[in-house]
Amino acid sequence: MSNSSCNEISCMPEHVAVIMDGNGRWASAKGVPKFAGHKAGMEALKKTVRKSGELGLKYLTVYAFSTENWKRSEEEIGGIFKILIYYMQREIQEIHARNVKVNILGDYSVIPENAVAAVDKAIELTKNNTGLNFNIALNYGGRDDIRRGVVKLAEQIEKGELKSGDITEELISKSLYTADVPDPDLIIRTSGELRLSNFLLWQSAYSEFYFTDQLWPDFDEESLVKALESFEKRKRNYGGR
Ligand code: IPE
Ligand code: IPE
Ligand code: MG
């Protein structure tokens, strides 16, 4: 079921997913604007991508903006996408040089036009890279993901291409944004919140969870290694034994 690479010495997850939470609280604690918190969060992301590549991780998925985050103020949303564009423009050459392949989970066509352009450019530039698969969940919601998958399958039934009885779990998995991505072995959430907040609902059926009180901007290479060490000690049963 899992392709995480295990031997007697170590067990590396194949796919790590991260709920990058706590930018706002980090900013409040420092007495700086929220924008500065999101910006510091991007620096933490840079470290995580770099370290994940160095460790030979195959898939890293980060939750950058949820379908519910549109409830935030226009000012904050604008700031988040500004930082995203800045990150894409400033980091993309290094990301590319590190053989990282950028992919988006979520309908990002609705984000500001210049952010769509920056994202498209990154996807195009890195499309043939063979190292770390770096998935950014952008305007992503687990329920929206499943709803879209259901619509796709329903359309195939309407066209007579599919019979309802032929819908398997695998077919559902293949109809999601993560069609080509294995389920996450490990889901990390920072900032002390103990919930999924609509992240990878279908895909997390047998994921291991790692929660830390550290706020996302404080998360660094050492934090990632600590999470991976915790994963190494887990015993996964998948309902067996
Ligand atoms: C996570 O940090 C970033 C996004 C949701 C875009 P928050 O902004 O949620 O930080 P807190 O939870 O308010 O501290
Ligand atoms: C989850 O964090 C979404 C991202 C990290 C992008 P939120 O801060 O939006 O989650 P809730 O609202 O506390 O559940
Ligand atoms: Mg939050």
Side-chain angles (χ1 to χ4, degrees), residues 15-49 52 59-88 90-91 102-112 114-116 118-119 122 134-148 176-178 181 184 186-204 207 209-220 223-224 227:
H15 181 185
V16 174
V18 187
I19 302 172
M20 310 184 290
D21 197 14
N23 295 349
R25 277 162 283 173
W26 184 91
S28 301
K30 288 227 160 7
V32 297
K34 224 172 178 187
F35 181 80
H38 290 307
K39 205 157 171 222
M42 279 298 174
E43 294 303 320
L45 176 60
K46 182 178 160 181
K47 290 179 196 167
T48 300
V49 173
S52 297
Y59 296 87
L60 173 72
T61 299
V62 299
Y63 205 6
F65 195 86
S66 76
T67 47
E68 286 73 37
N69 287 147
W70 295 106
K71 292 175 189 164
R72 298 189 182 202
S73 73
E74 222 170 280
E75 188 192 353
E76 183 179 0
I77 293 170
I80 289 171
F81 289 118
K82 248 194 208 127
I83 293 162
L84 177 77
I85 296 167
Y86 174 74
Y87 173 82
M88 284 296 177
R90 199 193 55 175
E91 300 303 324
V102 176
N103 186 33
I104 303 293
L105 310 179
D107 174 16
Y108 67 98
S109 67
V110 299
I111 68 173
N114 47 358
V116 173
V119 164
F134 174 33
N135 302 316
I136 306 172
L138 210 51
N139 188 26
Y140 178 86
R143 289 187 171 181
D144 180 58
D145 194 2
I146 294 167
R147 185 193 66 79
R148 280 162 189 273
L176 303 179
Y177 284 120
T178 46
V181 181
L186 174 67
I187 296 181
I188 298 170
R189 182 167 189 152
T190 57
S191 89
E193 305 303 341
L194 309 178
R195 55 178 174 263
L196 269 177
S197 300
N198 204 12
F199 190 44
L200 301 176
L201 298 180
W202 172 271
Q203 299 88 337
S204 61
S207 301
F209 289 89
Y210 179 84
F211 296 105
T212 169
D213 287 339
Q214 223 174 7
L215 301 172
W216 175 248
D218 294 325
F219 196 88
D220 60 10
S223 317
L224 178 65

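Treat the numbers as computed from the prediction; the structure is a model and nothing was measured. The basis for the numbers below is simple: all heavy atoms, side chains too, and nothing from hydrogens, waters or symmetry mates. All ligand and atom numbering here is 1-based and tracks the order in the structure. Just so you know, residue 1 is the first one in the sequence shown, and it goes up from there.
Relative ring orientation between F134 and Y87 is described as perpendicular, the plane-to-plane angle rising above 60° on a 0-90° scale split at 30° and 60°.
The distance from the Mg ion (ligand 3) to the nearest N/O/S atom of E193 is not under 2.8 Å.
Put simply, CG on D107 and CG on N139 are 6.0 Å apart, with the number rounded to the nearest 0.5 Å. Expressed to the nearest 0.5 Å, how far CH2 of W26 lies from CG of D21 amounts to 15.0 Å.
Without hydrogens or angle criteria, N135 side chain to L105 main chain gives no donor-acceptor distance under 3.5 Å.
Under the 3.5 Å distance criterion, with hydrogens and angles disregarded, no donor-acceptor pair is assigned to the side chains of R189 and Y63.
Looking at heavy atoms from C-beta onward, I188 lies in side-chain contact with F219 at the 4.5 angstrom threshold.
Within D21, the N, O or S atom lying nearest to the Mg ion (ligand 3) carries the name OD1.
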Output block, N or O contacts of ligand 2, threshold 3.5 Å exclusive:
{"residue": "ligand 2", "atom": "8 (O)", "partner": "D21", "partner atom": "OD1", "Å": "3.2"}
{"residue": "ligand 2", "atom": "8 (O)", "partner": "R72", "partner atom": "NH2", "Å": "3.2"}
{"residue": "ligand 2", "atom": "9 (O)", "partner": "N69", "partner atom": "ND2", "Å": "2.9"}
{"residue": "ligand 2", "atom": "9 (O)", "partner": "R72", "partner atom": "NH2", "Å": "3.4"}
{"residue": "ligand 2", "atom": "10 (O)", "partner": "R189", "partner atom": "NH2", "Å": "3.3"}
{"residue": "ligand 2", "atom": "10 (O)", "partner": "S197", "partner atom": "OG", "Å": "3.4"}
{"residue": "ligand 2", "atom": "13 (O)", "partner": "R195", "partner atom": "NH2", "Å": "2.8"}
{"residue": "ligand 2", "atom": "14 (O)", "partner": "R195", "partner atom": "NE", "Å": "2.8"}
{"residue": "ligand 2", "atom": "14 (O)", "partner": "S197", "partner atom": "OG", "Å": "2.6"}

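Under the 4.0 Å criterion applied to side-chain N and carboxylate O atoms, R90 and E43 are assigned as salt-bridge partners.
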